[in-house]
Amino acid sequence: RKLAAHHDISKAGIRSDAGYMSLEQASVAMLYVDETGRELYKMAPERGRVPQREDEIVVSPGILKELGQQGDIGDTITVPYQIFRDGGLDHTQQKEFRICGFFEDSEANLENRMYTALVSEAFLKNEVPKEELAYRFLLQIADGDNPDTVEIEEKIKHIAEQFGISEKDININEDYLVANYVDPVMIPAIVLIMLVIMLAGMITIYSIYYVSMNQRIQEFGRMKAIGATKRQIRQIVLREGLCVAGFAIPVGLLLGTLSSNAVMSLFIYILGDEGELMKTVAKIAKSGEVSLCYWWAYLIAISVTLCTVYISLLRPMHKAAKISEVEAMRGQGTGKKLRSSRKGYEYLTIGRLTLRNLMDNKKKSAVTVLSMAVTGVFLMVVATVLSCANPRESANSSLVGQYEITPVIEEYDKEHPELKWSEVQKDNPLDETLKQQIENLPGVEKVDAFTTVRVTGELFMEGDSNSINGVPEEYAKELEKGIEKGKVTYEELKSGDKVIMDSALSHWYPDLDVGSKLKLTVHDGDREYEKEIEIAAVGNYRTGLTNYAWLIMAKEAADRLSDNNSTRYFHVYADKDYDQKLFESLDGIVKASGRIEMQTWKSEYDHWKSAMAATSGAAYAFLGILALISVMNLINTMLNSVHARKKELGMMQAIGMSDSQLMKMLQLEGIFYTAGTLLISVGLGSLAGYPVFLYAKNDKMFNITTYHYPAAAALILAAALILIQVLLAVGIGKSVRK
């Protein structure tokens with residue numbers, strides 16, 4: 001009631017989880033949700049009404065199918081269910097309910113066999129003791145002045161803090177925030193992308209006009225001679241650029257519109273099944289309910305393009321306006337009287353001619369190389385991250401071996417008390433018999449057993465627990481190599497008094513460090529006892545090795561902490577990453593036992609492969625745009641270089657330069673641009689890529705653990721530049737021969 005009255009909360013509802021239907025293959029939650037809660041959850045029945053009496057219920061066709069019963073509104077069904085009592089699910093009981101409404105089953109409900117049934121408040125209060133009634137408080141924040149996602153999250157956390165609610169008891173609807181509000185990180189990212197593309201465009205446009213200004217000195221000089229003012233000259237250059245933009249912008253908008261639809265279709269194809277948000281996006285896009293094109297987006301595109309053109313033309317406009325009538329009479333000039341700095345040679349060679357041309361146009365040469373090199377550096381940095389985010393290594397980081405087998409554990413089910421970890425320990429299915437059975441299967445190389453010992457104590461927040469992970473000696477080198485602070489050997493971890501703390505725990509408990517002593521309560525079956533343990537080192541490890549237990553000890557020592565069989569994981573190594581026959585054999589063992597479950601390396605690999613495909617596609621598409629602009633700049637530079645020297649080249653041929661010598665000179669110029677671009681791109685890109693890798697590794701981005709130099713990207717970059725240069729040489733050769 002106090003929360004609902006808070007001034008920052010616009011809507012408030014409640015939900016209480018009464019229990020679950022007792023079904024073998026499906027999960028059906030029985031919930032009570034008040035009117036506002038149903039509005040927030042979008043839980044209005046498709047047919048009928050909400051339950052009011054104690055024996056009324058809202059179900060779905062899928063639930064009736066799982067129950068093996070039939071019925072319509074007004075009919076009676078028999079429901080076996082377990083109520084939440086004493087902190088867990090109580091014993092199964094049966095009750096006859098009258099159907100008062102129907103929910104519609106979604107594809108996700110049917111696929112995952114997970115459903116929701118709605119019960120009345122009267123049923124809830126009759127079944128659950130008053131002192132045990134627990135509610136989830138559902139809230140919607142008052143928007144205020146166009147807040148972003150971070151502001152709303154901070155406001156929710158601030159409200160919780162005011163009422164003494166811990167952060168772990170808050171569940172923020174991230175999908176809702178993403179769909180309805182702006183993520184502040186997105187705006188700078190989009191602006192940065194636009195600025196990079198603008199910069200690449202400005203360099204290209206400036207390069208074109210920089211060269212053309214030198215060729216039009218006489219033209220502008222004559223205009224000055226017949227009375228044109230500096231302002232008029234600037235306007236001529238500007239309007240020429242805007243006229244070109246006038247033709248280019250509609251073409252760009254058309255291509256942008258078509259590519260937006262194509263990219264969205266590809267995006268949905270790759271990520272359409274990743275979560276409810278993406279499924280909804282795919283459904284809306286396919287139905288055509290929402291347009292991908294908005295008038296304001298076209299206005300932004302037009303404005304950005306015109307700004308790019310205008311900024312690019314400022315320098316050429318200024319240069320054209322400074323040309324005087326006298327300079328025009330002189331011929332091709334630069335606006336300045338320059339003392340000749342050329343060095344004479346007794347013999348003239350092709351290499352010296354090439355060098356002279358490049359040195360006479362230092363600025364143009366530098367601009368061309370730098371514009372292409374910027375794209376190359378971006379490519380190398382992105383390629384470094386993507387090569388380190390290898391789906392295979394990400395899967396290896398998530399799972400040790402090719403198969404992971406664990407006992408089925410349910411802590412709070414009174415119907416199955418034997419599934420509590422404290423009971424599983426007493427009769428653990430992960431025993432030597434099972435281990436030998438798995439090792440004897442064709443294709444299995446070995447099975448490594450990891451121990452888990454549950455602990456609580458002053459270290460953890462109230463109600464929280466953690467585990468000590470017992471790691472076998474085969475992984476001693478990996479443990480010691482992963483240490484970032486402190487020092488401890490595997491032999492020392494065998495004492496049972498020291499542990500390595502995974503650095504992930506530092507996020508929640510920043511006060512913990514090397515040397516901290518933890519007074520813990522060890523839970524071993526029905527037995528509990530106190531144990532003091534020292535944090536000897538802090539390390540960074542793959543989640544497959546830690547199994548999300550942030551305290552790591554030698555398996556030998558962890559086994560001594562328990563009188564029972566505390567083996568929690570069998571990590572199975574096979575001779576192949578995936579073998580259908582071996583999978584079927586292991587799956588048969590899992591099903592026959594009924595007490596164990598399995599996770600496969602292939603499922604992890606498929607997950608990371610899908611995620612990386614979308615990320616790589618987006619990154620390389622962006623870099624492709626930059627590369628295209630840079631290549632256009634190179635083509636323009638080379639063609640203009642030949643066009644501007646038509647008379648010079650003609651005179652050289654008149655005094656004896658052959659076609660092959662001319663082609664060699666032009667090819668040497670191209671080699672200069674290619675070599676300069678490669679040197680900066682690969683050199684600077686490689687240096688910049690490593691710090692980015694370290695950041696990604698520390699942030700556990702894409703489960704990155706190992707640095708891989710993007711050799712393939714460097715080779716592709718070199719091959720692409722050489723190919724472009726060869727094609728340019730052929731094209732320019734044909735142009736020159738004319």
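Numbers for residues simply follow the sequence, beginning at 1. Because the structure is a prediction, the values reported are computed rather than measured.
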Answer yes or no: is there a donor N or O on one side and an acceptor on the other, between the side chain of [X] and the main chain of [Y], under 3.5 Å?
X	Y	answer
N469	T546	yes
N547	A549	no
N109	Y115	no
S120	R53	yes
Q82	H91	no
D524	V453	no
D90	R85	no
S16	A134	yes
S397	R542	no
S265	N261	yes

Scan side-chain atoms only and decide if [X] and [Y] contain a donor-acceptor pair under the 3.5 Å cut-off.
X	Y	result
S566	Q425	yes
D606	S603	no
S398	W608	yes
H523	S422	no
Y181	E151	no
N428	T567	no

From CA spacing to verdict: side chain to side chain contact (heavy atoms under 4.5 Å, CB included), L139, H6: CA-CA 10 Å; L139 64 103; H6 196 281; over 6 Å; no
Indicate the atoms forming the closest heavy-atom contact of [X] with [Y], along with that distance.
X	Y	result
W601	D577	CZ3-CB, 3.5 Å
Q52	E56	N-OE1, 2.9 Å
P429	V424	CD-CG1, 4.1 Å
L40	G13	CD1-N, 4.4 Å
I57	A117	CD1-CB, 4.0 Å
I77	Q70	CG2-O, 4.2 Å

Look at atom [atom1] of [X] and say whether more than 12 heavy atoms of other residues, nucleotides or ligands are closer to it than 6.0 Å.
X	atom1	answer
E24	CD	no
Y20	OH	no
E107	CD	no
Q580	CD	yes
K283	NZ	no
E161	CD	no

Residue from V59, D72, T76 passing side-chain contact (heavy atoms from CB on, under 4.5 Å) with I99: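 Filter result, single survivor: V59.
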Candidate pair F84 and L89, rule side chain to side chain contact (heavy atoms under 4.5 Å, CB included), full reasoning: CA-CA 5 Å; F84 279 114; L89 287 171; 3.6 Å; yes
Less than 4.0 angstrom from a charged side-chain N to a carboxylate O is my criterion; do [X] and [Y] meet it?
X	Y	result
E418	R595	no
K125	E54	no
R113	E66	yes
K426	E423	yes
K95	E127	no

For the [atom1] atom of [X] and the [atom2] atom of [Y], what is their distance to the nearest 0.5 Å?
X	Y	atom1	atom2	answer
E404	Q599	CD	CD	5.0 Å
D579	K602	CG	NZ	12.5 Å
Y41	L138	OH	CG	4.5 Å

[X] vs [Y] side-chain heavy atoms within contact, under 4.5 Å:
X	Y	answer
I409	L419	no
L582	V572	no
Y32	I14	yes
L434	I596	yes
L124	Y135	yes
F123	I83	yes

Quiz item: cation-pi between R568 and F450, 6.0 Å / 45°: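 No, cation not above the ring by the 6.0 Å, 45° rule.
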CA sep, side-chain torsions, deciding dist, call: Q93, Y81, side chain to side chain donor-acceptor pair (under 3.5 Å): CA-CA 6 Å; Q93 54 194 98; Y81 61 91; 3.2 Å; yes
Y578 and F583 aromatic ring geometry - parallel, tilted or perpendicular at 30°/60° bounds: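 The rings of F583 and Y578 sit tilted, inter-plane angle from 30° to 60°.
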Aromatic plane relationship, Y548 with W550 - under 30° parallel, 30 to 60° tilted, over 60° perpendicular: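 Because their plane-to-plane angle is over 60°, the rings of W550 and Y548 count as perpendicular.
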Side chain to side chain contact (heavy atoms under 4.5 Å, CB included) evaluation trace for V50 with V33: CA-CA 10 Å; V50 298; V33 186; over 6 Å; no
I405 and I589: CA distance, side-chain angles, deciding distance, side chain to side chain contact (heavy atoms under 4.5 Å, CB included) verdict: CA-CA 10 Å; I405 294 176; I589 292 174; over 6 Å; no
